[in-house]
Number of protein chains: 2
Amino acid sequence: MKQSDKYAEILKKGDLRATKQRYAILEVLDCNGAPVSAEDLYIQLKRKGIPISLSTVYRILDAFQEKGIVVRSNFPDVSKAVYELFCEEHHHHLLCVDCRRVFPVEGCPLEDYERLIEERLNFTVKGHNLEVYGHCKDCKKKT
Amino acid sequence: MKQSDKYAEILKKGDLRATKQRYAILEVLDCNGAPVSAEDLYIQLKRKGIPISLSTVYRILDAFQEKGIVVRSNFPDVSKAVYELFCEEHHHHLLCVDCRRVFPVEGCPLEDYERLIEERLNFTVKGHNLEVYGHCKDCKKKT
DNA sequence: TTCTTAATGAGAATGATTCGCATTTGCATT
DNA sequence: AATGCAAATGCGAATCATTCTCATTAAGAA
Ligand SMILES: [Mn+2]
Ligand SMILES: [Mn+2]
Ligand SMILES: [Zn+2]
Ligand SMILES: [Zn+2]
């Protein structure tokens, strides 16, 4: 199966028309391991020669989020939201406060915690946001 | 010791001049158990007859955050930042996506996780952001 | 190919936060 | 208590991310 078929399927499943812009965004997100801001995405698309406007980038990302195709997050002290393809393996991110790079960490430490909250506080948990920040391996060296 | 002495001490420790506006903000934050937005704070201050401008509210909160007097957080799908007094007992929050209320939960489930990250990934953890969202007790009933 | 409607582009509008600058005020020092 | 000066404030303008409006284009069903 070609990559483009994969994207077509994602769009069909989301009831979204297959446009050049949507393909291109899926492709860029697919290649970027780490989350990207709407503007970075826009710049990368322009660089690839894709005709698109920034408002369309935002609209597409919104639609994708609605359909669960992408996940939006906000890192502390970063003003723009960032987006990444939804990934079956729920995971989290480390943010290096020096170089601002984002590192994925597989797994999630919150299963027991959420169960506890449901039982003790009678609160139905629908999800969570977790980001860890600090100094990455490389930036530690440089000091 | 009077409350106002407590605030004076906080400001002195932070090398910040004692102004009416700063006292008033400390007082409002102290009374509000849950985190508040800059604008809510501004409204509450006006209601109390404190002369202050919104930009001053932002400036004071920034200064307080700088000094570790307050903690700023951003909840998912809430456009404004919220602030609360720093609290020795590190804790987290539950956000009800129906009524938008915020509930504190004592304790933190991330100690082991952070240790693991430091060991396995050679990343120095400085902190984390964690918010859990879902449906609160009251909103569950209403359905 | 035609028709309907969703999607796009361009720019204006919005909303939260920050900035610039003139004025005021806390506070250290006479 | 009066003085001087840096820090803090008020007000409006500026900025930045994001959303909205509306005229135009293009999927894709028929
Ligand atoms: Mn990731
Ligand atoms: Mn709290
Ligand atoms: Zn780094
Ligand atoms: Zn609720």
Side-chain angles (χ1 to χ4, degrees), chain A residues 4-5 7-26 28 35-43 45-46 48-67 69-83 100, chain B residues 4-5 7-26 28 35-43 45-46 48-67 69-83 100:
Chain A
S4 62
D5 289 342
Y7 303 147
E9 200 173 320
I10 290 172
L11 293 175
K12 182 165 292 173
K13 206 178 292 172
D15 246 320
L16 296 167
R17 288 190 179 174
T19 67
K20 185 175 18 202
Q21 291 82 354
R22 286 177 175 162
Y23 273 110
I25 286 186
L26 285 175
V28 173
V36 221
S37 72
E39 203 186 358
D40 287 352
L41 212 36
Y42 173 70
I43 292 169
L45 291 164
K46 281 295 181 192
K48 291 180 69 173
I50 308 291
I52 196 166
S53 80
L54 183 56
S55 22
T56 298
V57 174
Y58 275 108
R59 259 186 313 232
I60 290 179
L61 290 170
D62 270 9
F64 283 4
Q65 200 208 349
E66 200 86 10
K67 303 296 184 175
I69 298 168
V70 304
V71 175
R72 167 167 58 197
S73 356
N74 277 285
F75 291 109
D77 299 308
V78 178
S79 50
K80 313 182 198 189
V82 291
Y83 304 80
R100 309 256 99 194
Chain B
S4 63
D5 290 341
Y7 303 145
E9 200 173 319
I10 290 172
L11 293 174
K12 182 165 291 172
K13 207 179 292 174
D15 246 319
L16 296 166
R17 289 188 177 175
T19 68
K20 184 176 18 198
Q21 290 84 352
R22 287 177 175 163
Y23 273 111
I25 285 186
L26 286 175
V28 173
V36 223
S37 71
E39 202 185 0
D40 287 352
L41 211 38
Y42 173 71
I43 292 168
L45 291 163
K46 281 295 181 191
K48 290 180 70 174
I50 308 290
I52 196 165
S53 80
L54 184 54
S55 22
T56 299
V57 174
Y58 275 108
R59 261 186 310 233
I60 290 178
L61 289 170
D62 270 10
F64 283 5
Q65 201 209 352
E66 199 86 12
K67 302 295 185 177
I69 298 168
V70 304
V71 175
R72 168 168 56 196
S73 353
N74 276 287
F75 290 110
D77 299 308
V78 178
S79 50
K80 314 182 198 190
V82 291
Y83 304 80
R100 310 257 99 194

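Order of the sequence lines sets the chain letters (A, B, ...), proteins ahead of strands, with each chain counted from 1.
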Main chain of B:Ile52, side chain of B:Lys46: is a donor-acceptor contact present, judged purely on distance under 3.5 Å?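 Side chain of B:Lys46 to backbone of B:Ile52: a pair is present.
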Just N and O in the side chain of [X]: are any of them under 4.0 Å from OP1 or OP2 of [N]?
X	N	value
A:Gln21	C:dG9	yes
A:Ser53	C:dG9	yes
B:Tyr58	C:dT18	no

If you apply the rule side-chain contact (heavy atoms from CB on, under 4.5 Å), what do you find for A:Leu26 with A:Ile69, and how did you get there? CA-CA 9 Å; A:Leu26 285 175; A:Ile69 298 168; 3.9 Å; yes
Among D:dT9, C:dA16, D:dT18, which is the nearest nucleotide to the side chain of B:Ile60?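 Nearest nucleotide to the side chain: D:dT9.
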Shortest side-chain distance from B:Arg22, nucleotide among C:dT8, D:dA17, D:dT9: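 Per side-chain heavy atoms of B:Arg22, the pick is D:dT9.
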[X] has an atom [atom1]; how far is it from atom [atom2] of [N], in whole Å?
X	N	atom1	atom2	answer
B:Leu41	C:dA16	CG	P	15 Å
A:Lys12	C:dA6	NZ	P	18 Å
B:Asp15	D:dA6	CG	C1'	13 Å
B:Phe64	D:dA7	CZ	C1'	14 Å
A:Arg59	C:dA7	CZ	P	10 Å
A:Ile52	D:dA26	CD1	C1'	15 Å
A:Leu54	D:dT21	CG	C1'	16 Å
A:Leu11	C:dA7	CG	P	10 Å

Are more than 12 heavy atoms from other residues, nucleotides or ligands located less than 6.0 Å from atom NZ of A:Lys13?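 No, the 6.0 Å shell around NZ holds no more than 12 heavy atoms from other groups.
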Atom pairs and distances, donor-acceptor, side-chain atoms in residues 14-24 of chain B, under 3.5 Å, two or more places apart:
{"unit_1": "B:Thr19", "atom_1": "OG1", "unit_2": "B:Arg22", "atom_2": "N", "d": "3.1"}
{"unit_1": "B:Gln21", "atom_1": "NE2", "unit_2": "B:Pro51", "atom_2": "O", "d": "3.4"}
{"unit_1": "B:Arg22", "atom_1": "NH1", "unit_2": "B:Arg17", "atom_2": "O", "d": "2.9"}

In a table with atom names and distances, give each donor-acceptor pair under 3.5 Å that connects a side chain of residues 54-65 of chain A to protein atoms at least two apart or in another chain.
{"unit_1": "A:Ser55", "atom_1": "OG", "unit_2": "A:Ser53", "atom_2": "OG", "d": "3.4"}
{"unit_1": "A:Thr56", "atom_1": "OG1", "unit_2": "A:Ser53", "atom_2": "OG", "d": "3.2"}
{"unit_1": "A:Thr56", "atom_1": "OG1", "unit_2": "A:Arg59", "atom_2": "NH2", "d": "3.1"}
{"unit_1": "A:Gln65", "atom_1": "OE1", "unit_2": "A:Arg72", "atom_2": "NH2", "d": "3.2"}

Contacts of type salt bridge (charged side-chain N to carboxylate O under 4.0 Å, His left out), residue B:Lys12, not counting sequence neighbours: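 For B:Lys12 there are no salt bridge (charged side-chain N to carboxylate O under 4.0 Å, His left out) partners, ignoring immediate neighbours.
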Residues two or more places apart in sequence or in another chain: which of them pass salt bridge (charged side-chain N to carboxylate O under 4.0 Å, His left out) with B:Lys67?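 Applying salt bridge (charged side-chain N to carboxylate O under 4.0 Å, His left out) to B:Lys67 gives none.
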Answer yes or no: side-chain N or O of A:Ser55 and base N or O of C:dA10 forming a donor-acceptor pair under 3.5 Å.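 Between C:dA10 and A:Ser55, which were checked side chain against base, a qualifying N/O pair under 3.5 Å is present.
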Measuring from atom CG of B:Asp5 to atom CD1 of B:Ile10, what distance do you get when rounded to the nearest 0.5 angstrom?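 So the CG of B:Asp5 and the CD1 of B:Ile10 are separated by 11.0 Å.
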Distance in Å, B:Ser73 OG paired with A:Asn74 CG, rounded so as to fall on 0.5 Å steps: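 The distance works out to 12.0 Å.
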Check each residue of residues 70-81 of chain B for a non-hydrogen atom within less than 4.0 Å of any atom in DNA chain C, then write out the ones that pass by number, or none.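 Here the set is B:Ser79, B:Lys80, B:Ala81.
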5' to 3', nucleotides 22-30 of chain C under a 4.0 Å protein heavy-atom cut-off (B base, S sugar-phosphate only, - none) gives ----BS---
